[in-house]
Engineer: 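Let me begin by handing over the structure; questions about it come next.
Both counts, for ligands and for their atoms, begin at 1 and track the order of listing. Since this is a predicted model, take the numbers as computed values, not measurements.
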Amino acid sequence: MKKKQLITRRTALITGFTALGSYLLYRTVKSPAMPTYGSILRAGDNFTYEAQRALLSKRALAKEYSRGDITSFPAVGTIDPGDEKSPVFSKDYALTRHHDFSDWKLSVEGRVARPGQYSMADLQRLPVRTQITRHSCEEGWSAIGEWTGVPLSQLLQHAGIYPTARFVNFYAYDGYQDSIDMIDAFHPQTLLAYGMNGKPLPVQHGAPLRLRVETQIGYKSMKYLKRVVVTDEYVDPGDSGWAWYTGI
Ligand SMILES: Nc1nc2c(c(=O)[nH]1)N[C@H]1C(S)=C(S)[C@@H](COP(=O)(O)O)O[C@H]1N2
Ligand SMILES: [Mo]
């Protein structure tokens, strides 16, 4: 429902003839893109973001494949934050992994009516979706895998997201931090995935829970999730050297 509202807002911007359109234009220009970035280096992002969002209706869903299309899948970036030799070693992660993630919880915070700690059982009680999609890494490789998890929209609705919220920020055990806007957050293929190729998500692919953002490049699909924080404003994740918005 939220997604529909946002698309309507965007559509009104493009057509932009009514008084309502002007109001929405004000709202849109003020929101997700420009002023809150605070950096001239983000100007390119803003352009990509605006251009891709204008095309959104033509490419609503990422292509889904069948089981026979599943390929081998390299593990990239952090492959185990519980490894003591890793520069991003996390004692908390090592401990929960040692307990087979039985004590792991996802913290849901920020602009929601019911913040809380979700265990894996809590997440698995929410509606489930399975999809076979292609992951495209900015480094040039791609791979096809099957993902099972709870649509992020379901979790946000369960937590009671406030109507002013515009960003969902993610924090991982390896220190990785990133965010997406509400269009991607409420996209039907945006999942919090706990399963891969019919099995629990393996450690090297982000156990016990990772994000799948099928509308963007691979690095947005954050592994080893620890916290989800909903905000009204853009929170700068610091300079990863990567653009914030990279639609595919
Ligand atoms: N927490 C975390 N998430 C991450 C990364 C990472 O290093 N740490 N790497 C990203 C990149 S660049 C890619 S391509 C994918 C790789 O996922 P995979 O290891 O399952 O192939 O995870 C993304 N999510
Ligand atoms: Mo990547």
Engineer: What atoms of ligand 1 come closer than 4.0 angstrom to any heavy atom of Gln204?
Structural biologist: 19 (O)

Engineer: Answer with side chain, backbone, both or neither: which part of Tyr176 has a heavy atom less than 4.0 angstrom from an atom of ligand 1?
Structural biologist: side chain

Engineer: Using heavy-atom distances only, which candidate in Lys226, Gln177, Arg210, Lys223 approaches atom 19 (O) of ligand 1 most closely?
Structural biologist: Lys223

Engineer: To the nearest 0.5 Å, tell me how far Gln189 CD sits from Ser153 OG.
Structural biologist: 11.5 Å

Engineer: Hey, which atoms in ligand 1 end up nearer than 4.0 Å to a heavy atom of Glu138?
Structural biologist: 12 (S)

Engineer: Is Tyr173 touching ligand 1 with its side chain, its backbone, both, or neither, if touching means heavy atoms under 4.0 Å apart?
Structural biologist: neither

Engineer: Do we get Lys91 above Phe89's six-membered ring, with its NZ or CZ under 6.0 Å from the centre and within 45° of the axis?
Structural biologist: no

Engineer: Which atoms of ligand 1 sit under 4.0 Å from any heavy atom of Ala75?
Structural biologist: 19 (O), 21 (O)

Engineer: Does the N or O separation between His135 and ligand 1 drop below 3.5 Å for any pair?
Structural biologist: no

Engineer: Would you say Cys137 has any N or O atom under 3.5 Å from an N or O of ligand 1, going by distance alone?
Structural biologist: no

Engineer: Which residue owns the protein heavy atom closest to atom 11 (C) of ligand 1, what's the atom, and how far is it?
Structural biologist: Tyr219 CA, 3.7 Å

Engineer: With a 4.5 Å cut-off on side-chain heavy atoms, are Arg210 and Tyr224 touching?
Structural biologist: no

Engineer: What atoms in ligand 1 come closer than 4.0 Å to a heavy atom of Met222?
Structural biologist: 1 (N), 3 (N), 24 (N)

Engineer: Is there a nitrogen or oxygen of Val76 sitting under 3.5 Å from a nitrogen or oxygen of ligand 1?
Structural biologist: yes

Engineer: Is the shortest distance from a Lys or Arg side-chain nitrogen in Arg166 or Asp181 to a carboxylate oxygen in the other one below 4.0 Å?
Structural biologist: no

Engineer: Report, as yes or no, whether the 6.0 Å neighbourhood of atom CD1 on Ile79 holds more than 12 heavy atoms from other residues, nucleotides or ligands.
Structural biologist: no

Engineer: At a 4.0 Å threshold, what atoms of ligand 1 neighbour a non-hydrogen atom of Gly77?
Structural biologist: 7 (O)

Engineer: Where's the contact between Thr78 and ligand 1, heavy-atom distance under 4.0 Å: side chain, backbone, both or neither?
Structural biologist: both

Engineer: Say you draw a straight line from CG of Asp69 to CD of Glu64; how long is it, rounded to the nearest 0.5 Å?
Structural biologist: 11.5 Å

Engineer: For side-chain contact (heavy atoms from CB on, under 4.5 Å), just list the numbers for Tyr194 and Phe101, CA-CA rounded to whole Å, side-chain angles, deciding distance to a tenth of an Å, and then say yes or no.
Structural biologist: CA-CA 11 Å; Tyr194 43 73; Phe101 304 110; over 6 Å; no

Engineer: From the options Asp174, Ile79, Leu201, select the one whose nearest heavy atom is closest to atom 2 (C) of ligand 1.
Structural biologist: Asp174

Engineer: Can you sort out which atoms of ligand 1 are near Trp141, meaning under 4.0 Å from one of its heavy atoms?
Structural biologist: 14 (S), 21 (O)

Engineer: Decide ring-ring contact (aromatic ring centres under 6.0 Å, His included) for Tyr65 and Trp147; before the verdict, give the C-alpha distance in whole Å, the side-chain angles of both, and the deciding distance to 0.1 Å.
Structural biologist: CA-CA 11 Å; Tyr65 296 80; Trp147 307 101; over 10 Å; no

Engineer: Do any N/O atoms on Ser221 end up under 3.5 angstrom from N/O atoms on ligand 1?
Structural biologist: yes

Engineer: Identify the heavy atoms of Tyr219 and Ala243 that sit nearest to each other, and give their distance.
Structural biologist: OH-O, 2.8 Å

Engineer: Using a strict 4.0 Å cut-off to heavy atoms of His205, name the atoms of ligand 1 that fall inside it.
Structural biologist: 18 (P), 19 (O), 20 (O), 21 (O)

Engineer: Looking at Tyr171, I'd like to know if the NZ or CZ of Lys226 sits under 6.0 Å from its six-membered ring centre while staying within 45 degrees of the ring's axis.
Structural biologist: no

Engineer: At less than 4.0 angstrom from any non-hydrogen atom of Pro74, what atoms of ligand 1 do you find?
Structural biologist: 18 (P), 19 (O), 21 (O)

Engineer: Does Tyr234 have its ring centroid less than 6.0 Å away from the ring centroid of Trp244?
Structural biologist: yes

